2 protein chains.
Amino acid sequence: MAKRIADSTVRRLSAYLRFLEDFESRGLETISSEELAQRGGTTSAQVRKDLSFFGSFGKRGLGYSVPELAGRLREILGLGKEWKVIIIGAGKIGAALAQYRGFRQRGFLILAAYDANEEKIGRKLEGIPVRDITQLERDVRQDRPDIAVLTVPAEEAQRVLDRVVKTGIKAILNFAPTQLQAPADVTVKTVNMAMELEGLSYALTNRD
Amino acid sequence: MAKRIADSTVRRLSAYLRFLEDFESRGLETISSEELAQRGGTTSAQVRKDLSFFGSFGKRGLGYSVPELAGRLREILGLGKEWKVIIIGAGKIGAALAQYRGFRQRGFLILAAYDANEEKIGRKLEGIPVRDITQLERDVRQDRPDIAVLTVPAEEAQRVLDRVVKTGIKAILNFAPTQLQAPADVTVKTVNMAMELEGLSYALTNRD
DNA sequence: TTTAACTTGTGAATTCGTTCACAAGCCGGG
DNA sequence: CCCGGCTTGTGAACGAATTCACAAGTTAAA
Ligand SMILES: NC(=O)c1ccc[n+]([C@@H]2O[C@H](COP(=O)([O-])OP(=O)(O)OC[C@H]3O[C@@H](n4cnc5c(N)ncnc54)[C@H](O)[C@@H]3O)[C@@H](O)[C@H]2O)c1
Ligand SMILES: NC(=O)c1ccc[n+]([C@@H]2O[C@H](COP(=O)([O-])OP(=O)(O)OC[C@H]3O[C@@H](n4cnc5c(N)ncnc54)[C@H](O)[C@@H]3O)[C@@H](O)[C@H]2O)c1
């Protein structure tokens with residue numbers, strides 16, 4: 001990849017793909033940057049610029065072929081393959097995620113959940129086994145998961161992250177409300193719901 | 001407020017507050033922008049600039065008083081009061097959120113969850129009642145919640161949002177993976193986990 | 001009182017992301 | 001085959017956010 005692509009661009013590509021899949025299922029053949037923009041709450045120039053970082057996929061005067069562009073986006077986003085995911089922390093949020101069908105549908109296969117609590121180990125969550133965290137290293141060597149989802153208490157998060165990193169996993173989705181430290185070659189994304197709520201609090205407080 | 005403040009700034013303020021509370025609990029009296037920056041993975045100039053939009057809270061040569069700055073940030077973020085929250089959709093993720101203590105701890109009081117499914121109505125989730133969605137309008141008039149959390153299926157999300165907006169609620173946290181339309185005076189934040197995973201997929205695919 | 005070590009607050013410079021604006025290309029109709 | 005309508009792709013302009021860099025203020029020590 002020649003240029004560093006902004007995070008915001010990647011998020012929009014992901015959104016475009018969602019819309020394209022919707023259009024595809026309705027049997028539409030082509031779509032213009034303007035239509036895509038309207039659907040995504042952005043501008044047509046933004047759409048074209050986003051796509052232009054990766055090539056030129058459209059036809060002037062016509063627009064984009066829906067299936068072709070969807071294919072290109074899947075390729076760019078790395079969604080051609082099925083990604084293997086493990087969940088660490090089979091608590092309330094971990095269980096909800098394990099049972100969520102949306103991930104599977106988008107090509108993310110959840111292999112297992114891990115927990116330290118004896119009571120949870122051995123159970124199944126909608127078919128997904130809850131395993132003992134002490135098995136983590138062995139299992140990772142065998143199953144080679146690509147992504148780990150962290151849903152352990154905040155106090156444990158950094159310790160668990162370090163352990164996960166040591167197994168060689170390079171991508172982590174963290175739900176603990178903490179700032180985590182990881183080596184540069186490991187990508188960590190944090191979903192912090194308290195922060196989102198505080199953003200709403202700010203918005204409610206500071207309106208004109 | 002004189003200037004429009006960037007979303008990214010508000011998020012960082014929220015993070016700073018978290019660190020300050022940590023420092024506060026450890027009994028530290030003052031903190032420098034450099035320490036705050038290190039903790040938050042940013043730079044000291046960024047910290048000072050963020051704060052400077054709202055006033056000057058520090059002492060040159062010394063740093064910031066931990067309790068004072070924490071108080072100022074709470075004020076800026078509107079965390080002086082307790083915000084009332086309702087959850088719409090008592091499914092897997094809605095239930096996890098309803099049972100999450102972290103929100104209460106940070107001043108977000110969950111009043112109730114609402115659902116359309118008869119089987120769920122009338123139950124309690126860790127003390128939080130699940131009510132019939134048909135009661136929504138009446139209850140909102142009475143309880144005056146400030147924030148609605150949407151955890152309904154994606155197909156329902158826009159319809160439910162419109163209904164919530166009509167009750168006069170001005171802040172919404174949406175978990176459905178859809179782009180939602182709302183009037184300009186309503187703030188909608190969407191947490192899209194599939195998009196986060198696709199961001200990880202992109203990162204794994206396009207490394208140097 | 002002077003000095004050295006720190007740290008803030010903030011214009012200015014820079015970097016990054018978005019929007020503009022238009023040449024270039026495609027299509028269908030006459 | 002040419003014209004009018006439409007849409008892409010992209011430099012250039014713009015605007016927003018971050019980083020730099022330093023004067024100004026604080027403290028402690030001699
Ligand atoms: N529940 C929510 O809705 C919600 C929302 C936002 C954020 N979060 C965050 O997600 C995390 C989990 O929250 P939760 O509500 O699911 O809590 P929870 O207590 O229900 O679940 C945590 C699980 O992690 C397990 N665990 C603890 N230490 C572990 C370790 N070292 N290795 C493996 N497993 C370990 C526990 O046994 C437990 O099952 C927390 O950081 C929380 O702040 C939760
Ligand atoms: N479960 C997860 O981990 C997860 C993760 C990311 C996103 N999401 C999103 O969150 C939403 C909910 O997911 P879920 O897994 O909790 O699904 P779910 O089916 O368990 O829950 C949805 C709930 O909404 C209720 N509902 C449906 N229509 C309603 C209406 N009109 N009014 C009130 N209630 C209504 C249903 O009765 C159900 O209880 C979906 O949009 C999903 O894509 C879920």
Side-chain angles (χ1 to χ4, degrees), chain A residues 1-16 19-20 23 28-73 76 179 199 202 206, chain B residues 1-16 19-20 23 28-73 76 179 199 202 206:
Chain A
M1 205 63 9
K3 255 172 130 302
R4 228 211 130 279
I5 300 298
D7 213 68
S8 51
T9 299
V10 177
R11 301 176 73 83
R12 282 193 300 269
L13 294 179
S14 184
Y16 302 154
F19 305 143
L20 286 169
F23 280 109
L28 292 168
E29 266 308 306
T30 59
I31 190 173
S32 68
S33 57
E34 184 54 41
E35 291 169 282
L36 218 32
Q38 248 156 33
R39 202 69 163 47
T42 179
T43 66
S44 63
Q46 178 80 81
V47 171
R48 295 197 302 276
K49 182 63 85 179
D50 286 341
L51 296 175
S52 77
F53 294 130
F54 300 94
S56 50
F57 310 130
K59 271 208 171 61
R60 290 165 195 237
L62 238 200
Y64 302 87
S65 149
V66 171
E68 191 207 320
L69 185 56
R72 293 309 195 95
L73 287 179
I76 291 165
Q179 176 74 25
Y202 176 83
N206 308 69
Chain B
M1 207 63 7
K3 258 172 130 294
R4 230 208 129 283
I5 300 296
D7 215 64
S8 50
T9 299
V10 176
R11 300 176 75 83
R12 283 193 300 269
L13 293 179
S14 185
Y16 302 155
F19 305 143
L20 286 169
F23 280 108
L28 291 168
E29 266 307 306
T30 59
I31 190 173
S32 69
S33 57
E34 184 53 43
E35 291 169 282
L36 220 32
Q38 248 155 34
R39 201 71 163 46
T42 178
T43 66
S44 62
Q46 179 79 83
V47 171
R48 294 197 301 276
K49 183 63 88 179
D50 286 341
L51 297 175
S52 78
F53 294 131
F54 299 94
S56 48
F57 309 131
K59 271 209 170 60
R60 289 164 196 234
L62 239 199
Y64 301 87
S65 149
V66 171
E68 191 206 319
L69 185 56
R72 293 308 196 98
L73 287 179
I76 291 165
Q179 175 74 24
Y202 175 83
N206 308 68

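A quick note: this is a predicted structure, and the numbers were derived from the prediction, not measured. Lettering follows sequence order; numbering is per chain, from 1.
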- [ ] Specify the separation, in whole Å, of atom CG of B:Asp7 and atom C1' of D:dT18.
- [x] 16 Å
Task: A:Glu35 backbone acceptor or donor facing A:Gln38 side chain under 3.5 Å - done: no
- [ ] I would like to know whether B:Tyr202 and A:Ile5 meet side chain to side chain contact (heavy atoms under 4.5 Å, CB included); could you show each step before the answer?
- [x] CA-CA 10 Å; B:Tyr202 175 83; A:Ile5 300 298; 3.3 Å; yes
Open item on the list: What is the separation between atom CD1 on A:Ile31 and atom P on D:dT8, rounded to the nearest whole Å?
Closed with: 10 Å
Task: Between D:dT18 (P) and B:Asp50 (CG): distance, integer Å - done: 7 Å
Task: Heavy-atom closest pair, residues B:Ala37 and B:Thr43 - done: CB-C, 3.3 Å
TODO: Using the closest heavy atom to pick a nucleotide of DNA chain C for each, name whichever of B:Ser33 or A:Ala6 lands nearer the 5' end.
DONE: B:Ser33
Open item on the list: Is there a side-chain contact between A:Ser52 and A:Lys49 in this structure, where contact means two heavy atoms from C-beta onward sitting under 4.5 Å apart?
Closed with: yes
Open item on the list: With a cut-off of less than 4.0 Å, is there a side-chain N or O of B:Ser8 near OP1 or OP2 of D:dA17?
Closed with: no
- [ ] Would you kindly give the CD-to-P distance between A:Gln46 and D:dG9, to the nearest whole Å?
- [x] 15 Å
Open item on the list: Just verifying a value: how many Å separate B:Thr9 OG1 and B:Leu13 CG, rounded to the nearest 0.5 Å?
Closed with: 6.5 Å
Task: Closest approach of B:Val47 to B:Leu36 (non-hydrogen atoms, all atoms of both residues) - done: CG1-CD2, 4.1 Å
Task: Heavy-atom closest contact (A:Leu51 atom, A:Phe57 atom, distance) - done: O-CE1, 3.9 Å
- [ ] Nearest-nucleotide wise, let me know which of B:Ser56 and A:Arg12 is further upstream toward the 5' end of DNA chain C.
- [x] B:Ser56
Are there any protein N/O atoms within less than 3.5 Å of an N/O atom in nucleotides 21-23 of chain D, and if so, which ones and at what distance?
unit_1, atom_1, unit_2, atom_2, d
D:dA21, N6, B:Arg48, NH2, 3.4

Task: Between D:dT27 (P) and B:Lys59 (NZ): distance, integer Å - done: 7 Å
TODO: Please state how far atom CG in B:Leu69 lies from atom C1' in C:dG9, giving the value in whole angstrom units.
DONE: 14 Å
Open item on the list: Heavy atoms from C-beta onward define the side chain here; which of D:dT18, C:dT7, D:dA12 lies closest to that of A:Lys49?
Closed with: D:dA12
Task: Separation of D:dA17 P from B:Arg11 CZ (nearest whole Å) - done: 14 Å
Task: d(CZ, B:Phe57; P, C:dT8) in whole Å - done: 14 Å
Task: N or O in side chain of B:Tyr64 less than 4.0 angstrom from C:dC6 OP1/OP2 - done: no
